[in-house]
Amino acid sequence: MSNDIPVTLAVVIGAHGVAGEVRLKVFADDLTPFKSFNDGALTLKSLRPTPQGAIARFAEVADRNAAEALRGAELTVPRTALPPLAQGEYYHADLVGLAAVSDAGESLGRVVLVENFGASDVLEIERPDGKRFMVPMRPEAVPEWDSERLIVTADFANA
């Protein structure tokens with residue numbers, strides 16, 4: 001996996017007020033360590049968390065029209081800008097696209113989505129025939145993974 005791929009941390013969902021602030025849907029735990037997004041195209045001046053996400057002001061956005069023009073824009077940083085992970089931790093961006101194999105070595109497909117419905121992450125894996133199945137990202141279902149593939153135990157691979 002290339003470590004310089006862009007990782008989406010938030011998306012602009014609309015303008016806020018008349019002075020160029022934008023409303024964000026945030027996918028990261030904390031945006032405050034990041035001051036620049038989209039290869040330097042957006043420079044963060046201020047950020048206020050809200051129950052729905054955050055309100056941000058960017059140096060390059062001067063008014064409401066410019067803020068509205070950003071609606072739908074993803075805010076990305078290079079993968080290398082993300083903080084290092086502890087043992088057993090992962091970023092969703094690192095899992096999407098991984099090959100999935102059974103603990104018996106059978107090819108199961110590729111991870112196409114990581115969801116979280118409240119309890120823990122759930123991986124959606126697409127089989128070569130296009131059918132999809134879901135697996136909880138828990139040790140009993142996915143005992144190991146690395147940058148090339150993840151292993152799914154037989155009990156969950158035959159779902």
Once you round to the nearest 0.5 Å, how far does [atom1] of [X] lie from [atom2] of [Y]?
| X | Y | atom1 | atom2 | answer |
| --- | --- | --- | --- | --- |
| D94 | L98 | CG | CG | 8.0 Å |
| R57 | H16 | CZ | NE2 | 9.0 Å |
| E60 | L44 | CD | CG | 10.0 Å |

Minimum heavy-atom separation for [X] and [Y], please, with both atom names.
| X | Y | answer |
| --- | --- | --- |
| L123 | V142 | CD1-CG2, 4.2 Å |
| V77 | S36 | CG1-O, 3.8 Å |
| G20 | A67 | O-CB, 3.8 Å |

In sequence, state the C-alpha distance, the side-chain angles, and the governing distance for L42 and F58, and then conclude on side-chain contact (heavy atoms from CB on, under 4.5 Å).
-> CA-CA 6 Å; L42 292 170; F58 295 102; 3.8 Å; yes
Begin from the C-alpha positions of I151 and R149 and carry the test side-chain contact (heavy atoms from CB on, under 4.5 Å) through to its verdict.
-> CA-CA 7 Å; I151 295 177; R149 59 155 176 63; 3.4 Å; yes
Quick one: do E21 and R48 make a salt bridge, cutoff under 4.0 Å?
-> yes
Judged by atom type as modelled, is there a donor-acceptor pair below 3.5 Å linking the side chain of D63 to the main-chain atoms of A19?
-> no
Decide whether a cation-pi geometry holds between R79 and Y91; the criteria are a distance under 6.0 Å from NZ or CZ to the six-membered ring centre and an angle within 45° of the ring axis.
-> no
Evaluate the ring planes of F34 and F37, with Trp represented by its six-membered ring, and classify them as parallel (under 30°), tilted (30 to 60°) or perpendicular (over 60°).
-> tilted
Test of understanding: clusters of I, L, V, M, F, W, Y form through side-chain heavy atoms closer than 4.5 Å, transitively. Do [X] and [Y] belong to the same one?
| X | Y | value |
| --- | --- | --- |
| V7 | W145 | no |
| I125 | M137 | yes |
| M134 | V112 | no |
| I55 | L24 | no |
| L9 | V26 | yes |

Evaluation steps, salt bridge (charged side-chain N to carboxylate O under 4.0 Å, His left out), between E126 and R132 | CA-CA 4 Å; E126 186 173 65; R132 295 182 177 193; 3.3 Å; yes
Residues T32 and D30: side-chain donor-acceptor under 3.5 angstrom = yes
Residues E140 and T153: side-chain donor-acceptor under 3.5 angstrom = no
For side-chain contact (heavy atoms from CB on, under 4.5 Å), just list the numbers for L108 and S102, CA-CA rounded to whole Å, side-chain angles, deciding distance to a tenth of an Å, and then say yes or no.
-> CA-CA 7 Å; L108 299 173; S102 73; 4.2 Å; yes
side-chain contact (heavy atoms from CB on, under 4.5 Å) between L113 and V96, worked out = CA-CA 6 Å; L113 189 62; V96 174; 5.9 Å; no
